[in-house]
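Worksheet: one structure, shown below.
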Amino acid sequence: MANFILPEHYQEVFEALPGTFLLVLPDPDFTIAGVSEEYLRATLRQRDEIIGRPLFEIFPDNPDTPDANSTRNLSRSLQRVIATRQRDVMAVQRYDVRRADGDGFDVRFWSPINAPVLGGDGELLCIAHRVDNVTEYVRLTEEYAKQRSISESLSADKVLMEAEIVERSRDLDKANHRLQLANTELSEYARRARDAATNKDEFLAMLAHELRNPLAAMTSALQLWDIGTPDEARQQRLLAVCRRQVQNLTRLVDDLLEMSRIDRGAVALRRVRLDLRDIVDNAMHAVRELFGRHRLTMSTNIAPADFTTYGDSTRLEQVLANLLANAAKYSDPGGQVTLTLEPVPARPGWARIDVTDRGRGIPAGKLEDIFDVFVQVDPGIDRARGGLGIGLALVRAIVALHGGTVRAESEGLGHGSRFIVELPLASEAAPEDGANDDERHAVQPPRSPTHAAKVLVVEDNPDARDMLFSLLSAFGHSVTTAEDGIEGLQKLLDMQPDIAIIDIGLPAIDGFELARRARASVGRKTRLVALTGYASPAVQSAALEAGFDMHVAKPCTPEKLASILAL
Ligand code: ADP
């Protein structure tokens, strides 16, 4: 085979090889015998400053890295090559390169391989040391490892965060649910507060009216007294009116105080051992006068049994008196009321008191509601009978304080009512004192004499009727009165008065109906004046629609009455 390169050029060939080569002698100093251009470039050295010099004197370890062991590793590898005459591949070494200006080292990583160069007779001429600069690779690997550990810890964090998010969203769900419940509760409170505010407003309007009625009756009585000295009999009647109205006012105020005490839970029962028969007797006594006035008869059925219990006698009497007063108020004159006291057959140890009337009755939809405060079957009419809608609420509260129950039964309007109280016997229960109600009145007198007119007064309240009669007569008018709607209509048709003053809340047919029928029969000959305790726009327009010429709210002052008659 031909020799293409002359032996004398081998040095140039070696130095120009595209690799990082060094030749070291196998002597104790590992003297540098040759170096490739690329090695010089990689290590920033000049050939003449390193040729013939000890390897580790030229390339020492970086003194700034005390744990550096590259020179030791290289020395051991070279020793192995000398010993074995075999090539020795070293692990990657950190072998920092001194900077050209001699000021410090640059970090470098190398992958070295040492191979023996043998002579023709097998002797070791030198050791060829070749390195690959793997600094970039090592950096990338380190960077990658770093990134990986970051991303691993990130993904571990992610898992934890996900778990936490799930947990938090569960908590959030629960909180939302609680919030929803709280919101619903709040809306319910708001609704109840609004209802309560409306009830209170209605109640205040009603209360003002109820207080005004007895006051109006008394004012009228006093004014009548003023007009001319009344004779003895008249004085007695006027005093009786005032006495009754004072009683009405007192009962009204007592009811209000009682209700407010029960509402605040400020009721203490004075319980004693008592006989329910005595309670029945006392309650009947309390309403005797009222029953007399309404021309009602009362019958009682008291079973022959032991009705001993523990209770507050004043309050239990109040319960029965309220029920009896209602029976009277909502019955037509001449009606009958029955009171029964008997053991409850299906409930040993309990007594039942039953108050039954044959009066107006209660529609099915109202049987339960009437036990709420201010609820009335027909507020316009019922209030005219002298009620605030408090009585039954008091009854139920007091009975409940005694551990008992009360309920109403009725076949409907026109079929009478039955109130049933059940109380435990000789055991527990009871509240305080109280009152009931019967009737309230309104009257207003005219004064300055006008031309004598034929006047019809339709008013079921005796005091109010009497006052109007007296005042109108005192001014020279010819006055006729009627007690209920039917009688009023009859008289209106018979006498065809100049003016008819008609109350709205009347028994039999109410004032609206009376006006409608009267208009249909007598046309506009008679002037119709509606007289009511309610001056609301709705009532006014209902009155005009029914055929009234005008609507006057009670109390109608004498001046107002005079001006109505002067028209
Ligand atoms: P009031 O003072 O208006 O009578 P209550 O609370 O005693 O108030 O009664 C509430 C309503 O129940 C009354 O306004 C009336 O409409 C109805 N009521 C009570 N008792 C009777 C009855 N015996 N017959 C018919 N309706 C009655």
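Both counts, for ligands and for their atoms, begin at 1 and track the order of listing.
A heavy-atom separation below 4.0 Å is found between Gly361 and ligand 1. Residue Lys329 places a heavy atom under 4.0 Å from ligand 1. Within the structure, ligand 1 has Phe419 among the residues with a heavy atom less than 4.0 angstrom away.
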Item to check | Pair Leu339-Asn301, side-chain contact (heavy atoms from CB on, under 4.5 Å): steps then yes or no | outcome: CA-CA 6 Å; Leu339 190 152; Asn301 300 317; over 6 Å; no

Next on the checklist: Run the side-chain contact (heavy atoms from CB on, under 4.5 Å) test on Leu367 and Ile362 for me, step by step, so that the C-alpha distance in whole Å, both residues' side-chain angles and the decisive distance to 0.1 Å come before the verdict.
Outcome noted: CA-CA 6 Å; Leu367 284 172; Ile362 301 162; 3.8 Å; yes

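Between Arg524 and Asp549, at least one side-chain nitrogen of the basic residue sits less than 4.0 Å from a carboxylate oxygen of the acidic one, meeting the salt-bridge criterion. Between Asp332 and Arg295 there is no salt bridge, since none of the side-chain N atoms of the basic residue sits less than 4.0 Å from a carboxylate O of the acidic one.
At distances below 3.5 Å, not a single donor-acceptor pair connects side-chain atoms of Thr405 with backbone N or O atoms of Val421. Using modelled atom types, no side-chain atom of Arg418 and backbone atom of Thr356 make a donor-acceptor pair closer than 3.5 Å.
Taking any N or O of Ile362, backbone or side chain, none lies under 3.5 Å from an N or O belonging to ligand 1.
Residue contacts with ligand 1, taken as heavy atom pairs separated by less than 4.0 Å, involve Asp357 solely via side-chain atoms from C-beta onward. Both the backbone and the side chain of Val377 come within contact range of ligand 1, each with a heavy atom under 4.0 Å. When non-hydrogen atoms are compared, ligand 1 lies under 4.0 Å from the side chain of Arg360 (C-beta onward) but not from its backbone.
Distances below 4.0 Å separate heavy atoms of Gln376 from the following atoms of ligand 1: 1 (P), 3 (O), 11 (C), 14 (O), 16 (O). Those atoms of ligand 1 that come under 4.0 Å of a heavy atom in Leu392, given as number and element, are 5 (P), 6 (O), 7 (O), 9 (O), 10 (C), 12 (O), 19 (C). Less than 4.0 angstrom separates some heavy atom of Ile390 from each of these atoms of ligand 1: 6 (O), 8 (O).
The cationic atom of Arg277 (NZ for Lys, CZ for Arg) does not lie both less than 6.0 Å from the six-membered ring centre of Phe307 and within 45° of the ring axis.
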